[in-house]
There are 2 protein chains.
Amino acid sequence: MSQPQFKNWQAIQAEVLRRIHAREWVPGQTIPGEVDLAREFGCARATVNRAMQALADAGILERRRKAGTRVALHPVSKATVDIPVIRQEIEDRGATYSYRLINRKTGVHPLLGANALHVTALHQADDTPFVFEDRWINLTVAPDAATQAFEAISANEWLITHAPYTKGDITFSAAIATKGLAERLDATEGAPVFVIDRTTWDRDRAITIVRLSYAPGYQIHTMIGGTI
Amino acid sequence: MSQPQFKNWQAIQAEVLRRIHAREWVPGQTIPGEVDLAREFGCARATVNRAMQALADAGILERRRKAGTRVALHPVSKATVDIPVIRQEIEDRGATYSYRLINRKTGVHPLLGANALHVTALHQADDTPFVFEDRWINLTVAPDAATQAFEAISANEWLITHAPYTKGDITFSAAIATKGLAERLDATEGAPVFVIDRTTWDRDRAITIVRLSYAPGYQIHTMIGGTI
DNA sequence: TAGTGGTCTAGACCACCTG
DNA sequence: AGGTGGTCTAGACCACTAG
């Protein structure tokens with residue numbers, strides 16, 4: 001038995017990936033079970049399981065009890081996008097962060113109801129407009145927000161420490177700068193604007209709904225398969 | 001000992017999340033070690049480890065040997081975006097997919113070198129332009145592409161099964177439809193266009209570089225914390 | 001209903017890092 | 001230098017589901 005030994009799950013993961021890329025295992029094909037692989041690799045089944053679960057999380061493999069493990073037919077690539085706090089996003093670029101509250105008043109929101117707070121603000125990088133924030137906060141869920149001026153600290157930042165969420169919806173889209181938005185962002189009317197709409201929830205109650213309109217030139221960068 | 005028992009890692013994960021949301025453990029705070037938690041939860045340390053690793057992957061916790069585990073100070077939310085094959089993306093919307101090759105010729109690309117293939121094509125949903133694909137393929141890495149007409153099958157689809165990649169860079173941005181692009185997409189000049197630039201690699205060799213320009217109205221939707 | 005992955009356990013050793 | 005997380009093991013039982 002001169003079988004090479006694979007003693008940790010990362011090595012097993014790499015070997016499985018190698019076989020897929022070398023077409024020893026092709027998409028759609030069922031690969032050997034964990035017991036067989038453990039024997040072949042000379043390790044415990046739990047170690048194989050660890051490696052295979054990581055690959056299944058990444059979308060490379062599809063696993064089902066009884067049916068076994070198959071190489072994914074449509075490798076729906078999963079890209080992980082980091083959604084940082086705006087302050088940090090600006091400071092990570094080596095720029096100086098500044099914040100300016102534009103408006104703050106209570107009102108009625110179609111989804112959040114009557115007890116809602118509407119806050120608009122501008123985040124700047126080196127005193128240049130970076131992103132315009134248009135936010136509604138549910139005061140029923142986050143009553144403390146009613147006592148916050150949001151002049152020194154942005155709602156973006158305040159909410160993180162005062163109203164943790166359990167889940168959120170995010171939508172990325174492209175839009176055109178309207179006249180009003182163009183003035184806020186110091187851009188020309190009709191310029192392309194990257195827009196992020198986000199709703200965050202505490203269980204089933206919506207905490208806040210925000211639209212972030214980024215100044216022209218903004219990009220979101222991410223990687224795929226980088227960690228595997 | 002009337003301690004509630006947490007017998008599986010999901011239950012432990014839920015309990016940890018509960019304590020964070022209930023502010024029993026606040027951001028920045030070091031939480032008890034795995035041995036202590038295992039004793040408290042009445043389970044094995046490996047089970048606690050499983051739960052904590054999942055939370056660390058999600059960005060909720062920060063773990064370091066010797067230093068211990070802390071609640072993340074800046075919960076850099078990680079949103080997972082699925083990047084499906086265009087055909088599937090259209091069919092998932094209940095629309096009929098169709099594809100039309102626009103141009104195909106070899107040429108020189110500044111990054112891929114002289115042995116490159118340039119392919120432009122249009123993907124349609126119910127015969128309406130959906131996304132314009134502008135792609136370069138490295139023929140040194142994927143020589144089989146030279147014999148492919150890309151008339152019946154799109155390069156987007158062909159590459160998946162014929163040139164698996166190990167990693168990729170992705171950039172999302174917003175742009176304005178130029179005159180030429182507007183004609184391709186059956187849109188008006190100056191309309192907002194969502195753009196995805198992607199470069200995929202096989203180890204250190206770039207396989208393909210593609211720009212996908214989506215017809216106005218396109219959105220990418222994703223969730224955050226949905227799986228936790 | 002039988003086979004496969006999902007998970008737990010108790011113990012062990014190791015790698016890393018902070019103090 | 002010592003404490004913490006990272007990982008492996010051998011064995012066991014359970015949950016799901018294809019045939």
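Quick note on labels: first sequence line is chain A, next is B, and so on, each numbered from 1. The figures that follow rest on heavy atoms only: side chains count, while hydrogens, waters and symmetry mates do not.
Rounded to an integer number of Å, the gap from CD of A/E34 to P of D/dA12 is 17 Å. Rounded to an integer number of Å, the gap from A/R65 CZ to D/dC13 P is 17 Å. Rounded to a whole Å, the CE atom of B/M52 is 17 Å from the C1' atom of D/dT7. The distance from atom CZ of B/R70 to atom P of D/dG5 is 13 Å, rounded to the nearest whole Å. Going from atom NZ of A/K66 over to atom P of C/dT1 covers 13 Å, rounded to whole Å. Atom CG in A/L37 sits about 12 Å away from atom C1' in C/dG5, given to the nearest Å. Per the geometry, CD1 belonging to A/I12 stands 7 Å off P belonging to D/dC8, to the nearest Å.
Side-chain contact annotation: B/E89 with B/Y218, donor-acceptor N/O pair under 3.5 Å present. Side-chain contact check for B/R63 and B/T69: at least one donor-acceptor pair (N or O, by modelled atom type) lies under 3.5 Å. Between B/S173 and A/Q219, the side chains place no donor N or O within less than 3.5 Å of an acceptor N or O (distance only, hydrogens not considered). The closest side-chain donor-acceptor pair between B/N49 and B/W9, if any, does not fall under 3.5 angstrom.
Residue A/W9 is the one, among A/A67 and A/W9, whose nearest nucleotide of DNA chain D lies closer to the 5' end (criterion: closest heavy atom). A residue-by-residue look at A/T47 and A/R64 shows that A/T47 has its nearest nucleotide of DNA chain D further toward the 5' end.
Phosphate proximity of D/dG11 to A/R45: absent, as no side-chain N or O sits under 4.0 Å from OP1 or OP2. Look at A/Q10 and you won't find any side-chain N or O under 4.0 angstrom from OP1 or OP2 of D/dG6. Contact annotation: B/T69 side-chain N/O to D/dT4 OP1/OP2 distance is not under 4.0 Å. Within the structure, a side-chain polar atom (N or O) of B/N49 is placed less than 4.0 Å from OP1 or OP2 of D/dG6. Residue B/N8 has no polar side-chain atom (N or O) positioned under 4.0 Å from OP1 or OP2 of C/dT7.
If you check every strand for non-hydrogen atoms under 4.0 Å, B/E62 touches nothing. In this structure, A/R50 reaches the sugar-phosphate backbone alone: every heavy-atom distance under 4.0 Å involves primed, P, OP1 or OP2 atoms, never a base.
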What's the verdict on ring-ring contact (aromatic ring centres under 6.0 Å, His included) for A/F130 and A/H123, showing C-alpha distance, side-chain angles and the deciding distance? CA-CA 6 Å; A/F130 184 79; A/H123 302 261; 8.5 Å; no
So what does the secondary structure string of DNA chain D come out as, 5' to 3', with Watson-Crick or wobble pairs under 3.5 angstrom, [ ] for crossing and | for pairs with another strand? ||||||||||||||||||.
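Residues B/F194 and A/F194 place their aromatic rings such that the two centres sit under 6.0 Å apart.
Counting only heavy atoms from C-beta outward, the side chains of B/D202 and B/R205 approach each other to under 4.5 Å.
The side chain of A/R63 lies closest to C/dG5 when the candidates are C/dG5, D/dG2, D/dC16. Considering only side-chain atoms of A/Q53, the nucleotide from D/dG6, D/dA18, C/dG6 that sits closest is C/dG6.
Checked for salt-bridge contact, B/E24 and B/R18 meet the test: a charged N lies under 4.0 Å from a carboxylate O.
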